[in-house]
Amino acid sequence: MEAEAAKAKFAAVKEKYGRDIRVFETSGVSSSPTQVSNDDERDDFYEFTAEDYYRLLAAKKADKHLKTKKIREAEVAAHRSRITKTTIRVRFPDNHTLEVVFHPSEKIQSLFDLLSRMVAQPEVSFYLYTTPPKKQIKDMSQDFYSAGLIPGAIVYFSYDMPNQEDNEAFNSGPFLQEEVMSLKGLDVMPEPVEPIHTTPEPVTTAPPPVPQEPNAAGKKPVKPKWLKM
């Protein structure tokens, strides 16, 4: 029954926001932007930041002059085609994390639009940043691939208040709406795959060889009449 209730919650949130969403709490993680924990990270999740992306480009710059523009564009297109999703984790100052999957070609604006519908106080402006070092995400027209947020990244959320006291008060939480927070700690196991039963094909065997009739015992061969000794 608990599994069915969890599925129903996930389905309701997905229908409302159009995304598969997970919410969890990373224990022991400081809200300081300079501290990042690997707790509660799945093995298939890898944080590839914009700095990593540009560092990789710099490492390849040495041999770029040996390639034509057409070859380089083909290599970039092939690399993009292999990456079909990017997992973005938005961490809030209260150590709660929102996980959402996007397509790498989607604009970063789509992440901000989604958060605007999910936060507990949508009337208050906010911003996102990466770390280290702390760098605010400002270009909403970039896609996730161009921004280097592939195949996944952690970004940090903060309300943007001019007054420091107000900013600290708002950043004490809660940050997400109750409906979204109801997904906290829930996980849906994949549906079991039923074994496929196939009817075995009938095995056909070759007919046994027909035995040759042996000569009758004691029967002497008959000489032809034309044969004269």
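Across all their heavy atoms, Ile154 and Thr130 have their closest contact at O-CG2, 4.3 Å. Here the shortest heavy-atom pairing between Lys107 and Ser141 reads CD-O, 3.0 Å. Closest heavy-atom contact between Pro174 and Ala120: O-CB, 3.7 Å. Closest heavy-atom contact between Ile150 and Pro104: CG2-CB, 4.2 Å. For the residue pair Pro122 and Ser116, the shortest heavy atom distance occurs at CB-O, 3.5 Å.
The side-chain heavy atoms of Val155 and Ile88, taken from C-beta on, include a pair separated by under 4.5 Å. Residues Met140 and Gln142 have side chains not in contact (no heavy-atom distance under 4.5 Å, counting atoms from C-beta outward). Residues Ile21 and Lys14 are not in side-chain contact: their nearest non-hydrogen atoms beyond the backbone lie 4.5 Å or more apart. Using a 4.5 Å heavy-atom threshold, the side chains of Tyr127 and Ser158 count as touching. Contact of the Lys16 side chain with the Glu179 side chain is registered, since non-hydrogen atoms from C-beta on lie closer than 4.5 Å.
Atoms OG1 and CZ, from Thr87 and Phe144 in turn, are 11.0 Å apart once rounded to the nearest 0.5 Å. To the nearest 0.5 Å, the span separating CD1 on Ile83 from OG on Ser105 amounts to 11.5 Å.
Glu99 pairs with exactly one of Lys184, Arg89, Arg91 by the salt bridge (Lys or Arg N to Asp or Glu O under 4.0 Å) rule, that one being Arg89.
The cationic group of Lys134 lies under 6.0 Å from the six-membered ring centre of Tyr129 and within 45° of the ring axis, placing it in a cation-pi geometry.
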### Query
Can Thr97 and Val23 be said to form a side-chain contact (heavy atoms from CB on, under 4.5 Å), step by step?
CA-CA 6 Å; Thr97 297; Val23 177; over 6 Å; no
### Message
Run the side-chain contact (heavy atoms from CB on, under 4.5 Å) test on Val124 and Asp160 for me, step by step, so that the C-alpha distance in whole Å, both residues' side-chain angles and the decisive distance to 0.1 Å come before the verdict.
### Response
CA-CA 7 Å; Val124 182; Asp160 190 12; over 6 Å; no
### Task
Evaluate the side chain to side chain donor-acceptor pair (under 3.5 Å) criterion for residues Asp113 and Ser110: first the C-alpha distance (whole Å), next the side-chain angles of each, then the deciding distance (0.1 Å), finally the verdict.
CA-CA 5 Å; Asp113 293 341; Ser110 61; over 6 Å; no
### Message
Using the rule given for side-chain contact (heavy atoms from CB on, under 4.5 Å), can you reason through Phe102 versus Leu149, listing the C-alpha separation, both sets of side-chain angles and the distance that settles it, and then say yes or no?
### Response
CA-CA 10 Å; Phe102 294 89; Leu149 303 178; over 6 Å; no
### Query
Run the side-chain contact (heavy atoms from CB on, under 4.5 Å) check on Phe112 and Leu114 step by step: do they pass?
CA-CA 5 Å; Phe112 279 79; Leu114 180 65; over 6 Å; no
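Aromatic rings of Tyr159 and Phe126 (six-membered ring for Trp) have centroids beyond the 6.0 Å cut-off, not under it.
A distance-only check finds a donor-acceptor pair linking the side chain of Glu106 to the backbone of His103 [under 3.5 Å]. Looking only at distances, a side-chain donor or acceptor of Gln177 sits under 3.5 Å from a matching main-chain atom of Arg117.
In this structure, Phe157 and Phe175 have perpendicular ring planes: the angle between them is above 60°, well past the 30° mark.
Cluster annotation: Leu183 is not connected to Val101 through the hydrophobic network of ILVMFWY side chains, with a link wherever side-chain heavy atoms come within less than 4.5 Å.
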